[in-house]
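Before any comments, here is the structure.
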There are 2 protein chains.
Amino acid sequence: MTLDEFDVIRTYFKKKLKRNDILRGIGDDCALLSPPANKNLLVSTDTLNLGSHFFADTPPFDIGYKSVAVSLSDLAAMGGEPAWLLLSLTLPKIDNAWLEEFSKGLFSAMCPLNLELVGGNITKGPLAITTQILGFIPEGIILSRSGARENDLIFVTGTLGDAALALAIFNKEIDERLFSVEEIQQLKTRLFRPLPRIMEGQIISEVATSAIDLSDGLIADLQHILEQSRMGATLYLKNIPLSPQLKKIERTCQQNLVLNGGDDYELCFTLPPKQVPALMKKLVQQNLGEIRCIGKIESTLGLRITQANGLLVDFEHKGYKHF
Amino acid sequence: MTLDEFDVIRTYFKKKLKRNDILRGIGDDCALLSPPANKNLLVSTDTLNLGSHFFADTPPFDIGYKSVAVSLSDLAAMGGEPAWLLLSLTLPKIDNAWLEEFSKGLFSAMCPLNLELVGGNITKGPLAITTQILGFIPEGIILSRSGARENDLIFVTGTLGDAALALAIFNKEIDERLFSVEEIQQLKTRLFRPLPRIMEGQIISEVATSAIDLSDGLIADLQHILEQSRMGATLYLKNIPLSPQLKKIERTCQQNLVLNGGDDYELCFTLPPKQVPALMKKLVQQNLGEIRCIGKIESTLGLRITQANGLLVDFEHKGYKHF
């Protein structure tokens, strides 16, 4: 049976709503939503395109998952509590098997959170997925890219460079025989099913002075914080947290993946030193991932990276750029 | 000079903000917005693709204009007051001349309204534009597709079929020599620079029982109201308002454009008869366009269309479908 766009919406995307702040969901010209009092609204949009963000052989489940995860990660970087999602789907044709898997992936990324699909649209054209996420943050809290101050410490969640390592292995730039099947699987998960740091972001937002999510690479993304905060920084290369897989590869390549590899969706944030002990304690209490101090904000503009011996690293700045 | 995505944003899209409810606009992971108390939020998203919504020879100004207008029209259909816009732009390459014109068109559609661009993203891929609009409606007002009741009258704003006529002329399906240069220009404006019925929508929302914007064609869109309201209707063909251009063309073709032509972005809404005089008076007072009663909601399911002589019109239902 050939489905039209309305059948597709009904079959794959319209679910029973659980949130009681959705007055009209899918099926009208707009979603009608009731935002909570005493909270501000966070909104972000992201597009995933074939060839840039996923590939012809990427499983549709993973494309669906990632389209939500990238938006959640933007929300995490500003400390938001996810609430509502919209989806604009451009499809070359109606492919039931593809839609079945894509929608499963989409809802599986939404499922652990109190996040619901409230609207969107479907058009015909080259495969592309645009998600818009809406969430809340308590009034008075602003976690942006522009608040880093001299002597703040720079922290990251998780380990860096793993998604880029996965991509390098698939592109045959790194020999996959270095890794066990399980290790390859873990790297694939990092690339296609990133875990947005939603809970961490909310806790961090109470004390951090600035934050960004790492989507284009550590150097590229940290530069946004430095530029918007009008500050400089020194990073300590040896402090950057590495996965066991990343530790296995050659040093220059490792350094490049860690500093310039995109798609990690970890958070990078700055923190006044006196806030560190309380934040660390709170994250542990909530069973959340470790955070690691990787550098320091300085008033001297520019970014410096030092090795264990204190010498400056000669690094290239080549984070992901679309053009 | 080759611009990267960040230069593009700075050069063409970042403007000084005037609204004081934007706490963080373009340049962070999310926009941070402060919604008003006592109002609900309306959100809608639309994608325009090459080949479906615009063509290789469509001026970029018009693409920019239309990408805002289609979103505004969704908001108008629910009576919303526009506030914030996000833009996801997928570009095959950075073309300064194109971006200059596109952004001018975008801002020219936003300009008459208190609507500001608060975020978005730019990726590389086949040209596509996704806009997300956010607006408000007073608490307690819900203008959806599902509220039409027996004996409500069906109204439309403006004239119908003009955008489809413009398209038919460009596709050489209708002889352009039927029309003066000025008439062709007016039709082009209807197709590429539609005027969303924002003010009308807000006034209508106070009294209408249901509404939709006409983007896929009168029959197709009215069917959404009928299905969601579980009602039927009779339309009076002779009452449907026609432009002078549409009156010039052959009857069967005219009927098809009026009933099935898309892209008009007029509003179709239902109204209890007793509300009609007050609404008409209010629209005149505000110098807004005429509205016209074109039919009646009935409890007998299905759509009937009658001619001046009372006989039923044998019509096809072929509104715009993407697939």
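Letters go in sequence order (proteins before strands), and every chain restarts at 1. No experiment lies behind these values; they were computed from the predicted model shown. Only heavy atoms go into these numbers, but all of them, side chains included; no hydrogens, no water, no symmetry mates.
Remark: side-chain polar atoms of B:Thr45 are paired, donor with acceptor, to backbone N or O of B:Thr131 under 3.5 angstrom. Between the side chain of A:Arg19 and the backbone N or O of A:Asn114, at least one donor-acceptor pair lies under 3.5 Å. The main-chain N or O of B:Ile133 is never found under 3.5 Å from a side-chain atom of B:Ser44 such that the two would form a donor-acceptor pair. A donor-acceptor contact shorter than 3.5 Å is absent between the side chain of A:Glu116 and the backbone of A:Leu85. The backbone N or O of A:Leu267 lies less than 3.5 Å from a partner atom in the side chain of A:Thr157, making a donor-acceptor pair.
Note on A:Ser144, A:Gly135, A:Gly119: by heavy-atom pairs under 4.5 Å with chain B, the leading option is A:Ser144. When the candidates A:Leu50, A:Val118, A:Leu91 are compared by the number of heavy-atom contacts under 4.5 Å with chain B, A:Leu91 comes out ahead. Put simply, of A:Asp46, A:Leu89, A:Leu134, the one with the most heavy-atom pairs under 4.5 Å next to chain B is A:Asp46. The candidate from A:Pro126, A:Ser71, A:Gly125, A:Gly27 with the greatest count of non-hydrogen atom pairs under 4.5 Å with chain B is A:Gly27. Note: B:Leu86 leads B:Leu86, B:Asp21, B:Leu48 in heavy-atom pairs under 4.5 Å with chain A. In terms of heavy-atom pairs under 4.5 Å with chain A, the best-connected choice from B:Leu41, B:Leu32, B:Ile212, B:Ile137 is B:Leu41. Taking chain B as the reference chain and counting heavy-atom pairs below 4.5 Å, the highest number among A:Val43, A:Leu75, A:Leu23, A:Leu42 is found for A:Val43. Contact count versus chain B (heavy atoms, under 4.5 Å) is highest, among A:Val8, A:Asp74, A:Asp28, A:Leu33, for A:Asp28.
Contacts of B:Leu127 with chain A are absent, with no heavy-atom separation under 4.5 Å from either backbone or side chain. Proximity to chain A (any heavy atom under 4.5 Å) is restricted, for B:Asn49, to the side chain, taken from C-beta onward. The contact between B:Pro92 and chain A is made entirely by backbone atoms, counting heavy-atom distances below 4.5 Å. Proximity to chain B (any heavy atom under 4.5 Å) is shown, for A:Ile225, by neither the backbone nor the side chain. Heavy atoms closer than 4.5 Å to chain A are found in the side chain of B:Thr90, but not in its backbone. Both the backbone and the side chain of B:Arg145 have a heavy atom closer than 4.5 Å to some heavy atom of chain A. Proximity to chain B (any heavy atom under 4.5 Å) is shown, for A:Ala76, by neither the backbone nor the side chain. Both the backbone and the side chain of B:Ala31 come within less than 4.5 Å of a heavy atom of chain A. Both the backbone and the side chain of A:Ser34 come within less than 4.5 Å of a heavy atom of chain B. Looking at B:Gln228, only its side chain comes within 4.5 Å of chain A, counting heavy atoms on both sides.
Of all the heavy atoms in A:Ser229 and A:Ser146, the pair that sits closest is OG-C, 3.1 Å. Residues B:Asn121 and A:Thr47 share a closest heavy-atom pair of ND2-N, 3.2 Å. Here the shortest heavy-atom pairing between A:Ser103 and A:Tyr12 reads CB-O, 3.6 Å. Residues B:Ile141 and B:Ser205 come closest through the heavy atom pair CG2-O, 3.6 Å.
Taking the six-membered ring where the residue is Trp, A:Phe13 and A:Phe102 present perpendicular rings, their angle passing 60° and hence far from 30°.
No side-chain heavy atom of A:Ser67 sits less than 4.5 Å from a side-chain heavy atom of A:Phe54.
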